[in-house]
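Notes follow the structure.
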Amino acid sequence: MQKLRSINDYLKSPFTDITPLLELALQKSHAWLITHTNSMLSNTEKTTLDALIKQRQNGTPFAYLSGKKGFYHLDFKVTPDTLIPRPETELLIDIALDLFKNKPCTLLDLGTGSGVIAVTLADKNPHWQVTATDFSIDALRVAKKNATTTINFQQGSWFEAVPNQTFDFIISNPPYIKEEDEHLINLRYEPISALTSGKDGLKDIKIIINQAPTYLNTQGFLLLEHGYNQQEAIIDLLKKNFTDIQTFKDYNSNNRAIMAQLKINTRGEEK
Ligand code: GLN
């Protein structure tokens with residue numbers, strides 16, 4: 001990177017994400033960059049940019065360098081304490097908005113991370129009562145900064161965060177990757193506890209499905225994001241206490257979400 005000096009030199013270089021990295025280092029818009037291609041970088045700008053390029057080359061996700069990621073209609077702060085929001089998770093927002101369209105709702109987002117599910121839904125429905133939990137205090141700190149409305153944040157592992165409370169709708173994007181999954185190497189900068197869940201990736205999903213009846217109101221709904229190959233196993237887990245099981249594909253046509261309604265008379269029988 002020694003010889004690179006002008007914006008144009010950098011734009012022509014082969015580095016991953018060079019355009020957004022330039023925008024970030026110079027704090028300029030894309031439009032400004034392409035209309036100032038002959039501008040020379042100052043020493044400070046060059047040092048900042050070269051350091052960012054190096055981190056990106058080493059695999060740090062761009063969102064951790066910029067400290068933010070767009071999700072649905074909002075921009076979210078993200079840190080290495082939280083998973084980077086995925087576009088697939090926007091599917092859960094569409095499903096939830098459709099289900100409780102113009103209706104009141106007490107919502108629980110389990111394992112909120114940066115808060116995307118709870119914050120987006122609360123922002124769209126300021127009259128809903130939204131609770132969001134996470135085991136990680138550091139993640140909750142990020143989620144609180146992202147909130148645009150009043151959200152009840154609680155710390156704890158899954159339902160331990162909300163003892164004796166019940167909800168109309170429970171949503172979660174839990175960890176669901178197998179501990180030994182070979183793709184984890186590509187996700188090494190993100191918190192492992194937000195990604196993996198036991199040998200089959202279903203450990204946390206099982207806990208949520210088995211305990212949800214105790215925390216759902218009569219005929220309440222449970223909506224989960226899951227791995228592309230977990231749909232059948234999850235349907236089997238849901239059958240005992242849930243009915244009207246609906247499955248959803250993400251925008252890449254992978255099975256990605258499942259929603260079910262609590263059967264009448266099952267609440268509280270299982271814990
Ligand atoms: N969908 C994410 C991925 O495969 C994982 C998110 C999660 O475990 N909830 O990268």
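Order of appearance sets the numbers: ligands from 1, and atoms from 1 within every ligand.
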_Are P174 and W158 packed together at the side-chain level, in the sense that at least one heavy-atom pair is separated by less than 4.5 angstrom?_
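Heavy-atom side-chain distance check passes, below 4.5 Å.
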Got T112 and L140 here, is their nearest side-chain heavy-atom distance under 4.5 Å?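 They are in side-chain contact.
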Parallel, tilted or perpendicular, judged at 30° and 60°: which one describes the rings of F76 and F71?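 Correct class here is perpendicular.
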For [X] and ligand 1, answer yes if some heavy atom of the residue is under 4.0 Å from a ligand atom, otherwise no.
X	answer
S197	no
A194	yes
T89	no

Query raised in the report: How about Y64 and Y189: are their ring centroids closer than 6.0 Å?
Result: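 Here the rings of Y189 and Y64 have centres that are no less than 6.0 Å from each other.
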Who's the nearest protein heavy-atom neighbour of atom 1 (N) of ligand 1, and how far?
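Scanning the protein heavy atoms, the shortest distance from atom 1 (N) of ligand 1 goes to Y176 OH, 2.7 Å.
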Ranked by distance from atom 4 (O) of ligand 1, the top protein heavy atom is I177 CD1, 3.9 Å
Residue-level breakdown please: for R86 versus ligand 1, do any non-hydrogen atoms fall below 4.0 Å on the side chain, on the backbone, on both, or on neither?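 Side chain only; the backbone of R86 stays clear of ligand 1.
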Name each donor-acceptor pair under 3.5 Å that joins a side chain in residues 114-124 to protein atoms two or more places apart or in another chain, with its distance.
unit_1, atom_1, unit_2, atom_2, d
T120, OG1, V116, O, 2.5
D123, OD1, T148, OG1, 2.6
D123, OD2, H73, NE2, 2.6

Would you mind running through ligand 1 and noting each atom that sits below 4.0 Å from a heavy atom of [X]?
X	result
L187	10 (O)
L83	6 (C)
P174	7 (C), 8 (O), 9 (N)

D134 and G111 have their tightest heavy-atom pair at OD2-C, 3.4 Å
Worksheet item: How many angstroms lie between CD1 in I207 and CG in L202, if you round to the nearest 0.5 Å?
Response: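 Reported value, rounded in 0.5 Å steps: 11.0 Å.
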